[in-house]
Amino acid sequence: MSGTFVGMPAFPEAARAAVHNATLRGNLRHATHTIRAKRARAVAELDDWPALREAGRRIKDHTLRHLDRYLEQLEESVTAAGGTVHWAADAEEANRIVADLVKATGESEVVKVKSMATQEIGLNEALLAEGIHAYETDLAELIVQLGKDRPSHILVPAIHRNRGEIRDVFRSEMGAWGRPAPEDLTDTPAELAEAARLHLREKFLRARVGISGANFMVAETGTLVVVESEGNGRMCLTLPETLISVVGIEKIVPTWRDLEVFLQTLPRSSTAERMNPYTSMWTGTTDEDGPRAFHLVLLDNGRTDALADQVGRQALRCIRCSACLNVCPVYERAGGHAYGSVYPGPIGAILSPQLRGTASEIDASLPYASSLCGACYEVCPVAIDIPEVLVHLRERVVEGGPAVRQGNKVVLKPARGHAAERAAMRAARWAFAHPGTLRAGQRLASRTRRLHPRTLPGPGRAWSGTRDLPAVPAEPFRDWWQRTRAGRDGAE
Ligand code: SF4
C-alpha cells in the first residue's frame, strides 16, 4: 500500500526537508528541465497554439456553466450503451460503491490504470481494508506502490526517484507482490522496463476486474477516453470482464469536436508528443469485445463547491497535463510531497484547498506556496490564471484565518500578521471616512517629521530593517494643493 498524505504539516515545514535533500533536488531539476524544454519545442510546432488554448478555455468554461445538463446527457448516453452510472458525493461514497462492485464479482484482486481521481479518494487503501488488492500497472505508479512511497508529480509520480533507486526498489520489493525482479537487474532503462513488463503481464492475464479513471468523457455518445504512453492502460481497459471507471464530474466535454481540441493540446503539454501513443476510447459494452460489464462512478468530492466560486472555478478546467509543475520554481525545489496531496505544484496549490477546504494547516498554507511569477499561467493549455486564484485563496484564508493545531484539534485562528493587516486596514478605512481628522493627522505628522524613528518597533522591525521608510513631506499634499492650485482652472 502506498503511503498517504493524511496529517501532513504546513507547506513551509514539509518543504524545508526537501530543499536540503540534494539528491531529490538534482532528480527534480534534471527531469523538469528536460520535460519543459521538450514541451516548448512541441508547442512551437503549432502556429495555431494560442487559438487552440483559447478554444480549450472556452469549451471548458461553457461545459462547467452547463454541467448539470451535460452530466444528465452523459448518464443517458452511457446507460443507452449498456453501462451503469453511479453518483458519488464524496470519497467515502465512491470507495464504498467501488468496493461493493468488486465484491459482487467475487474477486479479491484488481488491476488499475493510472488515475488521479482514485488516488484523490484513497481507493487502494479503502479496497485493502475490504480485503481487495489493487495493483498499479503504470510504470511510475508501480514504482511508487512497490516503494511504499507517495506520488510527487501528476504525470510522473516517481519523478523524485533516479534509476539506481528504482532498481533497488524492484530488487527488494517485486518478489513480495508477484514475479520477482532478476537477481542481476541493472539500472538501464530497458532492463527496468522489461522487469516491470514481466511482473505486470501475469497480473493483466489473471485480473477479472479493471479500474480506471478517464481523461475525458464525451456527453453526446457516453464515450470515455484514456490517453497513455505504455499500453498498460489498454490492457486494463480491454482484458478484464468488469471495468469500473471513477471520474471527476468536470472531465466532461460535450461533443467529439470539442475532444479534438484537447487531443492536440494535452499530449504536447504533458509528454511533449504530437499525439499519445495509446488513445483508448470505449462506449458502454460491446458483445464479445472487451469488458462485459461497465460501471461509471461520477465523483463530486468538493467539485461543486469549487464550481460555486466565481474565481476559483477555473481550476476545474484543468486537464492534468502537469506543464505548470514542470516550470514552477517552487515545485522544482520543494518537490511534490510537500504539497500534501496527490495534486502537487501550482495546480495542487489551487485545487486542493478548494476540494478539501482550508481547515487544515497544509491546505491553508498551499495558496502561499508560490512566488506568483506567472510561469504556470503562461504554459497552461486551458489558460487557468493560477496566480489570480492563488491571491483569491489567500484572501479566503485571511478572511477565515489559517488553521492551527491545538492539541489534537485543528482550529481556525487569525495569525498575528493577518490580524495586524486587518487592523491596519480597519484604521485606514476609518481615517478616510473622517477627512477632517485625516488632515489634522497629516499636519501633525509633517510638523513632527524630524522626530520620527527610522525603523519600526516590534514585529515591524523585520520589515523596516531592509527598507527605507517613506519620508514624510514638510507640507501635506492637500495643503500644498490648496496653497498653490486652489481657485485656478476650476480646481478647488
Ligand atoms: S493547471 Fe493547466 S498546466 Fe497545470 S496541470 Fe492543469 S491544465 Fe496543465
Side-chain angles (χ1 to χ4, degrees), residues 31-32 35-40 42-43 46 49-50 52-61 63-64 114-117 119-120 140 151-157 159 213-216 225 227-228 247-248 250-253 258-259 261-273 276 303 306-307 309 311-332 334 336 339 341-355 366-367 369-393:
T32 54
I35 303 174
R36 84 166 72 151
K38 282 189 185 168
R39 176 214 157 265
V43 166
L46 294 183
W49 181 260
L52 280 170
R53 186 178 188 236
E54 177 60 12
R57 183 187 73 75
R58 283 172 185 242
I59 292 166
K60 282 284 182 178
D61 277 352
T63 312
L64 290 170
K114 177 175 171 352
S115 144
M116 299 304 298
Q119 286 179 12
E120 175 191 321
S152 67
H153 190 277
I154 290 176
L155 189 72
V156 198
I159 197 170
N215 295 96
F216 306 100
V225 183
V227 296
E228 40 125 7
V247 190
E250 82 284 16
K251 291 297 183 72
I252 212 165
V253 292
D258 301 320
L259 178 66
V261 171
F262 300 109
L263 290 185
Q264 294 181 72
T265 53
L266 178 56
R268 288 177 193 265
S269 299
S270 55
T271 49
E273 291 165 308
N276 291 94
R303 285 160 174 79
L307 194 57
D309 186 318
V311 178
R313 69 171 59 142
Q314 57 186 304
L316 298 178
R317 284 189 219 137
C318 177
I319 55 173
R320 311 280 190 266
C321 71
S322 76
C324 56
L325 279 67
N326 300 330
V327 296
C328 177
V330 176
Y331 174 84
E332 185 187 321
Y339 292 81
S341 155
V342 296
Y343 301 112
I347 181 59
I350 61 169
L351 196 57
S352 303
Q354 295 200 78
L355 295 183
L366 285 176
S370 169
S371 64
L372 301 182
C373 71
C376 47
Y377 170 65
E378 294 298 323
V379 297
C380 178
V382 283
I384 298 172
D385 194 339
I386 293 177
E388 181 190 26
V389 182
L390 285 167
V391 172
H392 171 70
L393 291 174

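For ligands, and for the atoms within them, numbers begin at 1 and follow the listed sequence.
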>> Run the side-chain contact (heavy atoms from CB on, under 4.5 Å) test against Glu332 and tell me which residues pass, sequence neighbours left out.
In response: Arg29, Thr32, His33, Arg36

>> Please list, in number order, the atoms of ligand 1 under 4.0 Å from a heavy atom of Ser322.
In response: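 In order of numbering, the contacting atoms are 5 (S), 8 (Fe).
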
>> I want to verify a count. Protein N, O or S atoms less than 2.8 Å away from atom 2 (Fe) of ligand 1, how many are there?
In response: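 Under the 2.8 Å cut-off, the count stands at 1.
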
Enumerate, atom names and distances included, each donor-acceptor pair closer than 3.5 Å involving a side-chain atom of residues 378-390, sequence neighbours excluded.
unit_1: Asp385; atom_1: OD1; unit_2: Glu388; atom_2: N; d: 3.3
unit_1: Glu388; atom_1: OE1; unit_2: Gln314; atom_2: NE2; d: 3.0

> Measuring from Ile319:CD1 to Thr265:OG1, what's the distance to the nearest 0.5 Å?
Replying inline: 4.0 Å

>> Would Arg317 and Phe262 count as a cation-pi pair here, with the cationic atom under 6.0 angstrom from the ring centre and within 45° of the axis?
In response: no

> Does the Asn215 side chain pair with the main chain of Val227, one donor and one acceptor, at a distance under 3.5 Å?
Replying inline: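 Answer holds: yes.
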
Can you list, pair by pair, the side-chain donor-acceptor contacts under 3.5 Å of residues 324-331, counting residues two or more places apart and other chains?
unit_1: Asn326; atom_1: OD1; unit_2: His153; atom_2: NE2; d: 2.8
unit_1: Asn326; atom_1: ND2; unit_2: Ser322; atom_2: O; d: 3.3
unit_1: Tyr331; atom_1: OH; unit_2: Ser152; atom_2: O; d: 2.6

